[in-house]
Structures are given as structure tokens and as C-alpha cells.
Amino acid sequence: MKYRGYEIIENSSGVLVKNVRDFDPSHIFECGQCFRWNREIDGSYTGIAFWRVINVHRDGENILINNTGADDFKNIWYKYFDLGTDYSEIKSAVAKDDIMRRAVSYGCGMRILRQEFWETLISFIISSNNNIPRIMKIIEKLSAQCGEEIKYGNKTYHTFPSAAALSNASPEEIGICRGGYRCGYISGTSAKMEIARIDKKNLEKKSTPDARKTLLEFPGVGPKVADCVLLYSGIKFDVFPTDVWVKRVMESLYIHKPASLGKIQSFAAERFGALAGFAQQYLFYYARKNKLS
DNA sequence: TTGCAGGGGTCAA
DNA sequence: TTGACCCCTGCA
């Protein structure tokens, strides 16, 4: 059957999506935007999102999504994998100079996942002053402690805990995830969320500066985390999350001297405009993997 | 074996 | 603008 230009074939194990361009699972799942996808021995990735466990396998130009059906593909995964966006257009638009051309060619199969807002918020609070393997472990333990079980194959997985579940958890229960001082932020943000009830739609209606301002009111959320949340949950794409890596790359390759956060962001806004978020992602992936600067 | 630096920042002074 | 911060890992 056809769905929005894609030919999809449903079988007993999942859904095959034919001729998907600009889709490389390793670029998508290892570019630092998500923490709940694990590489399997066969090169496929298994992940948890939207209360489901799926396995994603690329076979040439086709993508096989296991443990799902056509309805979920249409209602969830089409949007989650941003399949409605033409990445070829984005890539040619941001590849304005040699640096960006190299970065785009390096991460050519990258896509920005439209992840769940709440999970993204807590995940990036956990990411601060932390490294990816440990971030993944903390999120895993937090989910095992406060999330709900899902079985897939012979394994048990856990959904990401709701704001209600986290705000009801005691400090001891949250502390089991070994998040250190971030555990206080998790509890504080969960409690605030139970009152504030901010959601994706809420933030989409706001201007980017206003949406950022709203997020900055949550404990543990600074400028970097706020921009990551806006970008990786698909709310705003004109943000330019600036961590130490992006800062180093921008200083060494573009600005050619030490620069403040504000300076880097205004440079990016001027150069990449509405596509700053995509540019950042190609740049970050390229810089990290090649250990640039 | 033990000690120490540093990690995709944030907060408070 | 600067240092502390919880915990884990890699490396002398």
C-alpha cells in the first residue's frame, strides 16, 4: 500500500518501507540526539519510544521496522522518523561552504527524530556535564525503576516514566538511577510539570525565544538543554544547541577566535537561519566522530 | 592498587 | 564570571 509517497508492505513481523532516502540508522541513532536505541549484532537498532519497542533495520534503500504494523507506522513512526521532510533539500541548503559540505557528506543519512517532549526534557537534564554511555545507563535505570514493562523477543524493556510517576517517586527511588545531583533536578522538574502542564503544542505556539524561556524555568535546564529539547522533540528547528564540541568547532573553523555563546548563536542564526538546528546536528556528529579541534 | 582528571552544563555567589 | 557539583571511566 501507499502512504504519503512511501510504498509500505506489512507482514507478520513488521513493516517494510521501500525506497527511503537519507536514512542511515547509525547516523540517526548515534548522532547524540537519543539515548534509548541500542545497536544489535546484525547492525540493526532496537529502541523504545511511544510505549513500544521496535527494531529498525536498513536493507539497501529499504527500511524494515520490526514489531510494528501499518497503523503504527502511519500514526507514529512516519512522524517520529521525520519521513515527511526532504533531507536532500535541507542538506543542499546548509552545505554552503567546505566545512558544511564535509559535515553533511559525513552524516548524510542523519535525521532529526521527533521525540516525545517529556522524555527529551528529562533526558537532556541528565545529559548535563555527563557522557553518553552514562546518560544511557541513568535513563535505563530510571525507566526500570519508574516506567512500565514491555516484552519484546525474550527481553524485558521499560517505557520512559511519566511526569506523574517521577513526581510521585521518593528521592531514594529516583536516586537508584545514580544520576547524582541531577536527581534533584529530575524531581524538581517533574513536580513543576505536574503543575505547569507544558506540552509540545504549547511550546509550538510560542516564538522560539519564548519557548526557550519557558523551558529555562525548569530546574536543571540551562540554555544548552533548552535548545536540545526544542530541537530533538521537533518543536523548533532554528535553534543551535551549543555545547563544548560545537563551540570548539565554531571557534576554530568559523570565527577563528574564542567566542561567547551569544556570539556563536548569532553567527549561526545569520548563516543558517531557519535550518540552524539541522546544521548544528551535521556539524556536531562530524566533530564528535572525528574528534575535531 | 590508588589517585586524578574530565565528561554534549547548571546553579549560586 | 567562576567554582562546585554526583558519579563513572580511563589512564598514569
Side-chain angles (χ1 to χ4, degrees), chain A residues 26-37 103 106-107 110 112-113 115 119-145 166 169-193 212-233 236-237 239-254 257-265 268 276-293:
Chain A
S26 66
H27 295 174
I28 294 171
F29 300 125
E30 294 186 24
C31 68
Q33 63 178 324
C34 54
F35 303 105
R36 303 211 73 198
W37 286 89
Y106 187 79
M110 198 273 303
I112 295 184
L113 297 173
Q115 302 180 74
E119 173 175 341
T120 311
L121 176 59
I122 296 296
S123 297
F124 279 90
I125 285 175
I126 293 170
S127 81
S128 80
N129 191 218
N130 212 340
N131 53 59
I132 293 172
R134 190 175 159 225
I135 298 165
M136 293 177 80
K137 279 182 194 162
I138 294 171
I139 294 173
E140 214 42 61
K141 285 182 189 149
L142 194 64
S143 302
Q145 180 68 27
L166 290 178
S170 66
E172 290 72 25
E173 287 170 311
I174 300 287
I176 287 170
C177 75
R178 312 301 290 160
Y181 60 83
R182 303 167 194 83
C183 290
Y185 298 153
I186 295 171
S187 297
T189 287
S190 302
K192 186 174 165 59
M193 184 56 84
R212 185 186 285 123
K213 210 166 164 185
T214 303
L215 290 178
L216 287 173
E217 286 170 16
F218 287 92
V221 178
K224 155 69 169 60
V225 171
D227 284 352
C228 282
V229 174
L230 290 173
L231 182 58
Y232 302 135
S233 51
K236 299 288 177 188
F237 297 95
V239 292
F240 196 76
T242 306
D243 58 43
V244 292
W245 288 92
V246 171
K247 188 170 189 290
R248 282 178 207 153
V249 169
M250 293 303 286
E251 286 172 344
S252 72
L253 301 183
Y254 281 106
K257 61 181 179 187
S260 68
L261 174 67
K263 175 91 184 164
I264 290 169
Q265 298 217 324
F278 295 93
Q280 184 272 0
Q281 201 53 26
Y282 288 113
L283 213 46
F284 174 74
Y285 182 64
Y286 180 60
R288 276 309 301 272
K289 291 281 179 180
N290 293 289
K291 299 194 187 303
L292 289 188
S293 69

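Since the structure is predicted, the reported quantities are computational estimates derived from the model, not experimental observations. Convention: sequence-line order gives letters A, B, ...; per-chain numbering from 1.
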Can you measure [X] atom [atom1] to [N] atom [atom2] for me and round it to whole angstrom units?
| X | N | atom1 | atom2 | result |
| --- | --- | --- | --- | --- |
| Asp243(A) | dT10(B) | CG | P | 10 Å |
| Ile122(A) | dT10(B) | CD1 | P | 14 Å |
| Arg248(A) | dG6(B) | CZ | C1' | 10 Å |
| Phe124(A) | dT10(B) | CZ | C1' | 16 Å |
| Glu217(A) | dT10(B) | CD | C1' | 16 Å |
| Lys247(A) | dG7(B) | NZ | P | 13 Å |

Minimum heavy-atom distance [X]-[Y], with the two atoms named:
| X | Y | answer |
| --- | --- | --- |
| Asp243(A) | Trp245(A) | OD1-N, 2.7 Å |
| Thr120(A) | Ser233(A) | OG1-CB, 3.9 Å |
| Gly220(A) | Val225(A) | O-CG2, 4.2 Å |

- Message: Checking Gln265(A) against Asp227(A): is there a side-chain donor and acceptor pair closer than 3.5 Å?
- Response: yes
- Message: Below 4.0 angstrom, which residues in residues 129-139 of chain A have at least one non-hydrogen atom near DNA chain C?
- Response: Asn129(A), Arg134(A), Lys137(A)
- Note on the structure: Its 5'-most and 3'-most nucleotides having an atom under 4.0 Å from a non-hydrogen atom of chain A, DNA chain C is contacted over dC5(C) to dT9(C)
- Quantified in whole Å, what is the P atom distance between nucleotide dG3(C) and nucleotide dA5(B)? 14 Å
- Item | Separation of the C1' atoms in dC8(C) and dC11(B), to the nearest angstrom | 22 Å
Can you find a heavy atom in the side chain of [X] that is under 4.5 Å from one in the side chain of [Y]?
| X | Y | value |
| --- | --- | --- |
| Ile112(A) | Phe278(A) | yes |
| Met193(A) | Leu121(A) | yes |
| Leu215(A) | Leu230(A) | yes |

- Task: Would you please indicate if the ring centroids of Phe35(A) and Phe124(A) are separated by under 6.0 Å?
- Result: yes
Could you give the side-chain donor-acceptor pairs of residues 179-188 of chain A under 3.5 Å, partners two or more places apart or in another chain?
{"from": "Tyr181(A)", "atom 1": "OH", "to": "Asn129(A)", "atom 2": "OD1", "distance (Å)": "3.4"}
{"from": "Arg182(A)", "atom 1": "NE", "to": "Ile126(A)", "atom 2": "O", "distance (Å)": "3.3"}
{"from": "Arg182(A)", "atom 1": "NE", "to": "Ser128(A)", "atom 2": "O", "distance (Å)": "2.9"}
{"from": "Arg182(A)", "atom 1": "NH1", "to": "Gly179(A)", "atom 2": "O", "distance (Å)": "2.9"}
{"from": "Arg182(A)", "atom 1": "NH2", "to": "Ser128(A)", "atom 2": "O", "distance (Å)": "3.1"}
{"from": "Arg182(A)", "atom 1": "NH2", "to": "Asn129(A)", "atom 2": "O", "distance (Å)": "2.8"}
{"from": "Ser187(A)", "atom 1": "OG", "to": "Cys183(A)", "atom 2": "O", "distance (Å)": "3.4"}

- Query: Could you state the interatomic distance from CD (Gln145(A)) to NZ (Lys141(A)), rounded to the nearest 0.5 Å?
  - Reply: 11.5 Å
Does [X] reach a base, just sugar-phosphate, or nothing at all? Heavy atoms under 4.0 Å.
| X | result |
| --- | --- |
| Cys31(A) | base |
| Phe35(A) | nothing |
| Gln281(A) | nothing |
| Cys228(A) | base |

- Base-paired stems in DNA chain C, each at least three Watson-Crick or G-U pairs under 3.5 Å: B:2-7 with C:7-12, B:9-13 with C:1-5
- Can you name the one residue among Glu119(A), Gln281(A), Gln115(A), Gln33(A) that meets side chain to side chain donor-acceptor pair (under 3.5 Å) with Tyr232(A)? Gln281(A)
- Query: Aromatic rings Tyr106(A) and Tyr285(A): how do their planes relate, parallel, tilted or perpendicular, breaks at 30° and 60°?
  - Reply: tilted
- Would you say the side-chain atoms of Gln280(A) pair up with the backbone N or O of Phe240(A), donor to acceptor, closer than 3.5 Å? no
Report, one pair per line, the protein and nucleotides 11-13 of chain B atoms (nitrogen or oxygen only) whose separation is under 3.5 Å.
{"from": "dC11(B)", "atom 1": "OP1", "to": "Gly220(A)", "atom 2": "N", "distance (Å)": "2.7"}

- Task: Quick one: list whatever passes side chain to side chain donor-acceptor pair (under 3.5 Å) with Glu140(A), sequence neighbours left out.
- Result: Arg36(A)
